[in-house]
Amino acid sequence: DDFCLGATRFSIPHIADPERLSSRVVRNLLYYQTNYFVLYCVVFVLVGYFHPLNVIIGAVVLVGVVVGWRAILLQCKATRRQPSLWIGFFITLGAFVFVRLLASIAVFIAAIVLPLGVILLHAMSRKRNLKNQLNWGVERVGLRKTVMAVLLEELSFRLDIEV
């Protein structure tokens, strides 16, 4: 009931006050982190259920492009010379495959970004409650360090907002 069913606990975010909005988002991300993780997994699985082949192909192509690009950079760095004709051929082939499978890549990227958008929209529009504020105090004092707090710190979000 606390996460999504209480309609009175939602409001339109105040975009004009970025400090207050940032505080609301960070506090909601910390308080509802388990719910957000489950929501992310459910939306990702739903996209994968409706477009399984596209998600798999998109993931394989993106991983292949990243691994291939890394291998080419390491090869050029190791030999300290210009790339050979074979490397140019593989880059061209990789670009062709990338463009040919762009729809699958778009579905895979949507499967990653769509849940993040839903989570951000919820975190922006959900009002704080007493439990949320108590949890915030425990996080700030440092009595408990959660995965979301570590992630937000690594992404350079300020966890000491006093709004």
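Both backbone and side-chain heavy atoms feed into the values below; hydrogens, waters and symmetry mates do not. Every value quoted in this text rests on a predicted model; they were computed, and no experiment measured them.
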### Task
Measure the spacing between CZ of Phe89 and OG1 of Thr92 and express it to the nearest 0.5 Å.
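Rounded to the nearest 0.5 Å, the CZ-OG1 separation comes out at 8.0 Å.
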### Query
Say you draw a straight line from NE2 of His122 to CG of Leu29; how long is it, rounded to the nearest 0.5 Å?
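Between atom NE2 of His122 and atom CG of Leu29 there are 10.5 Å.
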Is there a side-chain contact between [X] and [Y], using heavy atoms and a 4.5 Å cut-off?
X	Y	result
Tyr32	Ile119	no
Arg126	Tyr31	no
Ile109	Leu62	yes
Phe37	Met148	no

Same hydrophobic cluster for [X] and [Y], using side-chain heavy-atom links shorter than 4.5 Å among ILVMFWY?
X	Y	answer
Val63	Phe98	no
Val60	Leu101	no
Leu39	Leu116	yes
Val113	Val47	yes
Leu53	Leu114	yes

For the residue pair [X] and [Y], what are the closest heavy atoms and their distance?
X	Y	answer
Val55	Phe108	O-CD1, 3.5 Å
Leu21	Pro13	CD1-CB, 3.6 Å
Pro115	Ala111	CD-O, 3.2 Å
Asn28	Ala123	ND2-O, 2.9 Å

### Message
Other residues, nucleotides and ligands only: do more than 12 of their heavy atoms fall within 6.0 Å of CD1 on Ile12?
### Response
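Check fails, neighbour count at 12 or below.
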### Message
Please check: side-chain N/O of Ser22 versus main-chain N/O of Pro18, any donor-acceptor pairing under 3.5 Å?
### Response
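No, because the side chain of Ser22 does not come within donor-acceptor range (under 3.5 Å) of the backbone of Pro18.
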### Query
Should the pair Phe44 and Tyr40 be assigned to parallel (<30°), tilted (30 to 60°) or perpendicular (>60°) ring geometry?
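Phe44 vs Tyr40 ring planes: parallel.
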